2 protein chains.
Amino acid sequence: MEEGTSKSPGYREGTGSSVDDEDLDPFQWDTREDCEVRQILDRVAGKWSLLVIALLDRRRLRFTELRREIDGISQRMLTVTLRQLERDGLVRRTVHPVVPPRVDYELTSLGRTLHTTIRALVTWTEEHQTEVAAARAAYDAAER
Amino acid sequence: MEEGTSKSPGYREGTGSSVDDEDLDPFQWDTREDCEVRQILDRVAGKWSLLVIALLDRRRLRFTELRREIDGISQRMLTVTLRQLERDGLVRRTVHPVVPPRVDYELTSLGRTLHTTIRALVTWTEEHQTEVAAARAAYDAAER
DNA sequence: CTGGATCCGACATGATACTG
DNA sequence: CAGTATCATGTCGGATCCAG
């Protein structure tokens, strides 16, 4: 491998109890961003991961189908992205032993729950894109 | 500037009607990931943004305080991160005209709503870290 | 068709020195 | 104290060639 294969040298756990409380110290979860949060965040933040997840959330797709639907992705990145998602248990890869190789990809139940969570972030973006754009315009204008 | 100052050459809008529907095509929002979604995602996915946001969600902090609390961040990245967050309207920067320069940083209301949204992703991570870790272990074990 | 292996450029981050 | 400027480096993503 070469890139996002970070071997995660080790991570503490045990504090993994449900954290629904609002008034918790940021250190409770953010300090250890090298452990789990960042791992997932890096996966989600990838240039194509989100798109692949969204596509697979609709229906299972073949390698070529994904390649065609995304259009703009290199087979290299599609492969890398799928491998990462598969390794994290978010995507299931099924190889059909037929003459022309056929491989299907689909979201696992875990992947589907992540997609649901991610949608919240996307929704936030859609709801506040105007405000962010305005803030940027104001900032850029003032910085002259 | 040098890095994440991506000038966003332009982005379509007008389709910006409220998108609260659940059964929408992934293309409805993911294809244009160069426009808004990715912009925000890149900000959130940054190595330090999340940590800074979490810290500021508790209380306003000075530059040095952030630097000391985070411990591991370079003054350079702290500056860059804060500038990005400020440009996006997530953080407010206040300069006090005193003898030894004093600058305060605090989340804007927009930044606070983003923090809330982000927490969902963090929560997901905490709730499923075990499954992800297991999936990785299984994947790595099988790949030999 | 479904990838694996390489080379390479772009950008993000870190380290260090300097300044108002 | 709160940065800015510069240089070094690691990683990500793209292009290309090769293979089962």
Side-chain angles (χ1 to χ4, degrees), chain A residues 1-8 33-34 38-39 41-52 60-87 91-106 143, chain B residues 1-9 33-34 38-39 41-52 56 60-87 91-106 143:
Chain A
M1 319 312 190
E2 48 188 49
E3 43 229 15
T5 321
S6 54
K7 282 304 179 184
S8 66
E33 38 85 47
D34 328 299
R38 175 122 318 268
Q39 307 270 329
L41 203 53
D42 286 344
R43 192 94 319 146
V44 171
K47 192 174 181 181
W48 307 105
S49 303
L50 206 62
L51 189 46
V52 170
R60 54 159 42 196
L61 292 168
R62 298 182 52 180
F63 186 85
T64 304
E65 290 178 321
L66 279 169
R67 186 153 152 58
R68 199 152 17 85
E69 296 240 52
I70 296 183
D71 180 71
I73 192 174
S74 59
Q75 71 286 56
R76 173 190 150 68
M77 287 318 294
L78 180 54
T79 299
V80 171
T81 300
L82 287 169
R83 286 292 175 282
Q84 291 176 336
L85 294 173
E86 187 194 358
R87 190 170 105 99
V91 162
R92 176 165 33 251
R93 177 169 177 264
T94 309
V95 181
H96 301 275
V98 293
V99 199
R102 178 200 174 91
V103 182
D104 286 334
Y105 291 93
E106 62 186 319
E143 283 310 286
Chain B
M1 314 308 184
E2 46 187 51
E3 44 230 13
T5 321
S6 55
K7 281 303 177 185
S8 66
E33 36 86 46
D34 328 299
R38 174 122 321 267
Q39 306 271 329
L41 202 54
D42 286 344
R43 192 93 322 143
V44 171
K47 193 173 181 182
W48 307 105
S49 303
L50 206 62
L51 189 47
V52 170
L56 293 182
R60 55 161 40 196
L61 292 167
R62 300 180 52 177
F63 186 86
T64 305
E65 289 177 321
L66 279 169
R67 187 154 152 59
R68 199 153 15 86
E69 297 241 51
I70 297 182
D71 181 69
I73 193 174
S74 59
Q75 71 285 55
R76 175 188 151 68
M77 287 318 295
L78 179 54
T79 299
V80 172
T81 300
L82 288 170
R83 287 292 176 283
Q84 292 176 336
L85 295 174
E86 185 195 359
R87 189 171 106 98
V91 163
R92 176 164 34 248
R93 178 169 176 265
T94 310
V95 182
H96 301 275
V98 295
V99 199
R102 179 198 174 92
V103 181
D104 286 335
Y105 291 93
E106 61 186 320
E143 283 310 285

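Just so it is clear, the model here is predicted, and its values are computed rather than measured. Just so it is clear: chains get the letters A, B, ... in the order the sequence lines come, proteins before strands, and each one is counted from 1. The analysis underlying the following values was restricted to heavy atoms, covering all of them including side chains, and did not include hydrogens, waters or symmetry mates.
OP1 or OP2 of D:dA2 sits under 4.0 Å from a side-chain N or O of B:Thr64. Taking only side-chain nitrogens and oxygens, A:Arg83 comes nearer than 4.0 Å to OP1 or OP2 of C:dG3. At the phosphate of D:dC12, neither OP1 nor OP2 sits under 4.0 Å from any side-chain N or O atom of A:Arg76. Side-chain nitrogen and oxygen atoms of B:Tyr105 include at least one within less than 4.0 Å of the OP1 or OP2 phosphate oxygen of D:dG3.
Taking atom CD1 of B:Ile73 as the reference point, atom P of C:dA12 lies 15 Å away to the nearest angstrom. Remark: P of D:dT11 and CG of A:Asp42 are 12 Å apart, rounded to the nearest angstrom. What separates CE of B:Met77 from P of D:dA2 is a distance of 19 Å, to the nearest Å. A straight line from CG of A:Asp104 to C1' of C:dG3 spans 15 Å, rounded to a whole angstrom. Regarding B:Leu82, its CG atom lies at a distance of 11 Å from the P atom of D:dA2, rounded to whole Å. Atom CG of A:Leu50 is separated from atom C1' of D:dC12 by 17 Å (rounded to the nearest Å). Taking atom CZ of B:Arg38 as the reference point, atom P of C:dC11 lies 16 Å away to the nearest angstrom. The CG atom of B:Leu61 sits 11 Å away from the P atom of D:dA2 (whole-angstrom rounding).
The side chain of B:Val103 lies closest to D:dA2 when the candidates are C:dA17, D:dA2, C:dT6. The listed nucleotides are D:dT4, C:dG4, C:dT13; the one nearest the side chain of A:Thr79 is C:dG4. Among D:dG13, D:dC17, D:dT4, the nucleotide with an atom closest to any side-chain atom of B:Gln75 is D:dT4. Which of D:dA2, C:dA17, C:dG14 sits closest to the side chain of B:Arg102 comes down to D:dA2.
Under the rule for a side chain to side chain donor-acceptor pair (under 3.5 Å), the partners of A:Asp42 that lie at least two apart in sequence or sit in another chain are A:Arg38. Considering only residues two or more places apart in sequence or on other chains, A:Val99 meets the side-chain contact (heavy atoms from CB on, under 4.5 Å) condition with none of them. Partners of A:Arg62 according to the salt bridge (Lys or Arg N to Asp or Glu O under 4.0 Å) rule, which considers only residues two or more places apart in sequence or in another chain, do not exist here. Remark: B:Arg68 engages B:Thr64, B:Glu65 in a side-chain contact (heavy atoms from CB on, under 4.5 Å) (not counting sequence neighbours). For B:Arg83, the salt bridge (Lys or Arg N to Asp or Glu O under 4.0 Å) criterion is met by no residue, not counting sequence neighbours.
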- Message: For A:Val44 and A:Ser49: C-alpha separation, side-chain torsions, deciding distance, then whether side-chain contact (heavy atoms from CB on, under 4.5 Å) applies.
- Response: CA-CA 6 Å; A:Val44 171; A:Ser49 303; 6.0 Å; no
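The heavy-atom pair separating B:Arg93 from B:Tyr105 by the smallest distance is NE-OH, 3.1 Å.
For the contact set between residues 92-101 of chain A and DNA chain C, defined by any heavy atom under 4.0 Å, the members are A:Arg93, A:Pro101.
Within 4.0 Å of B:Arg62, counting heavy atoms only, lie sugar-phosphate atoms of the nucleic acid but no base atom.
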